[in-house]
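One structure is given here, and the rest of the page talks about it.
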2 protein chains.
Amino acid sequence: MHQEITKRNLFCDNVARVMTKPEPRVGEKRPGGRAERVRLSVLQAASELLTEVGYDKMSVEDVAARAGVHKTTVYRRWPTKADLSADAADLHVAEAIPMPDTGDLVEDLKLLARDVAKNIGTEHGARRSRSIVVAAAASDDLTVAMHQFWARRLALSTAVVERAIERGELCESTNAKLLIEAIIGPLWIRLLLTGEPITEEVADEIVDLVISGAKLHEVHTH
Amino acid sequence: MHQEITKRNLFCDNVARVMTKPEPRVGEKRPGGRAERVRLSVLQAASELLTEVGYDKMSVEDVAARAGVHKTTVYRRWPTKADLSADAADLHVAEAIPMPDTGDLVEDLKLLARDVAKNIGTEHGARRSRSIVVAAAASDDLTVAMHQFWARRLALSTAVVERAIERGELCESTNAKLLIEAIIGPLWIRLLLTGEPITEEVADEIVDLVISGAKLHEVHTH
DNA sequence: GTGAAAAAGCAACAAAAGTTGCGACAAGTC
DNA sequence: GACTTGTCGCAACTTTTGTTGCTTTTTCAC
């Protein structure tokens, strides 16, 4: 097993096509050869199985087998399936995701929403994304990691809104975070609760709804 | 064990304080005594454990023990933990939830959103709700059941919007389902993804945002 | 009440998940 | 290259989870 295994980010490999691995993992005792190779092939295998069969139906032994590694090796590195899944999903990175900046708020938001839809709307993406949520529910540590991940994600997304505020497209009192949540929330509950289809059309629709507002507008002056 | 065990609905006991059990379960061979008593105490135990420790940390044996019943009894009735959880969560009822009808759209929606926030915003409610989602991810049957549950829930909720359309508060082309999704979506992703607080204030805020729209309004005429 | 049928209890079993100790070997150090 | 140490493979083990056959108890129809 000598081919380089490219690291995939479960959350972001559609959202952020760039996936620079910043430091080659600091705390490593032996970053040089087999150890790292094994680590990568296990994570790769876990990642694949998460998207293929989902968290519940994935077993640690399956992962080990696919990685061509003994199960004790896996258990020694990752205490639980949840931890392994978290690492495979790369919950800890995902910084520096390029955010749209077209100069037009609606356009930016639609690009953003469509990206989410693309990411969680496919069969594989759906299983992958669901797996993370399920894994996170299994471990308090992982829950925290996921919350942190989303805090970073939301902070990045709200930049789009804040630029629009600066341009005068939005009122200064706009709650940027809530706005983003109102856009991606419907997409995610379709994935996790209702099972309704998740398409780019829906993504666009939701942006239009949230930006323009549902209500028949009275005359506003500014 | 002779006290009557009151059936609880995991999804709805805050949302719908009324919880009429329509028929006393038809397909039963022996609805008379012990069998039903056992069934109820197992479901009660499962329901409690789901809210106390969550789906992952709940084991079928724990449920059996708390119900004062042998584990084989539980396994024979409910093939998997997911099925048991589904039954405990009562995914199949939840019809006839009273929906607000104050004559004012914003008021109605806020009542609705606050209800959701109350339901999933407490520590117990959160664990309970998360448990359902996680359980649903473990079984295709259950996934379908949950989707059906939500289809019914959304259909009930959209009635609120449709009444507002009839009153002329909203444009006729309003996508009622999407509007409801935009309101409850942010609350649920706070529960399942971001971990941000879920309060009645947020519920109100999101309704205001979605109804009025984020954009600085141009003059509209109707 | 009595008997047939249903359901629960019990114990023993089977399978899956997770752990431990040890020998072998590979990686980094001198 | 020899030494030290981290990591892997392997086998044996424990624990947890789920199953099966049989017995006992309970319900319900008569």
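Chain letters run A, B, ... following the sequence lines, proteins first and then strands; every chain starts at 1.
At the heavy-atom level, B:S59 lies under 4.0 Å from the strands shown only through sugar-phosphate atoms. Note on A:K81: nothing from the nucleic acid sits closer than 4.0 angstrom, heavy atoms only.
For the pair A:K57 NZ and D:dT17 C1', the interatomic distance rounds to 18 Å; values are reported in whole Å. At whole-Å resolution of the value, CD in B:E36 and P in C:dA6 are 17 Å apart. One interatomic measurement links the two molecules: CZ of A:R39 to C1' of D:dG6, which rounds to 16 Å at whole-angstrom precision. For A:M58 and C:dG18, the CE to C1' distance is 15 Å, given to the nearest whole Å. Atom P of nucleotide C:dG18 and atom CG of B:D56 are separated by 12 Å, given to the nearest angstrom. To the nearest angstrom, P of D:dC8 lies 12 Å from CG of A:L40. One interatomic measurement links the two molecules: CH2 of A:W78 to P of D:dT7, which rounds to 12 Å at whole-angstrom precision.
Look at B:Y75 and you won't find any side-chain N or O under 4.0 angstrom from OP1 or OP2 of D:dT19. Side-chain N/O atoms of B:R77 include one lying less than 4.0 angstrom from OP1 or OP2 on C:dA8. In this model, the phosphate group of C:dG9 is not approached by any side-chain N or O of B:T72 to a distance below 4.0 Å at OP1 or OP2.
Listed for the B:T73 side chain is no donor-acceptor partner under 3.5 Å among the backbone atoms of B:V69. Distance alone, capped at 3.5 Å, places no donor-acceptor pair between the A:T143 side chain and the A:A137 backbone. Formation of a donor-acceptor pair under 3.5 Å by the B:K81 side chain with backbone atoms of B:Y55 is found in this model.
In this structure, A:E61 and A:R76 both approach DNA chain C, and ranking their closest nucleotides by distance from the 5' end singles out A:E61.
Distance from the side chain of A:K71 is smallest to C:dG18 among D:dT17, C:dG18, C:dA8. Of all nucleotides listed (D:dG18, D:dC8, C:dA11), C:dA11 comes nearest to the side chain of B:H70.
For the residue pair B:H124 / B:T122, no side-chain donor-acceptor distance below 3.5 Å is found, with atom types taken as modelled.
Remark: of the listed residues B:R127, B:K57, B:R128, B:R66, B:R66 is the sole one forming a side-chain hydrogen bond (donor to acceptor under 3.5 Å, both in side chains) with B:E52.
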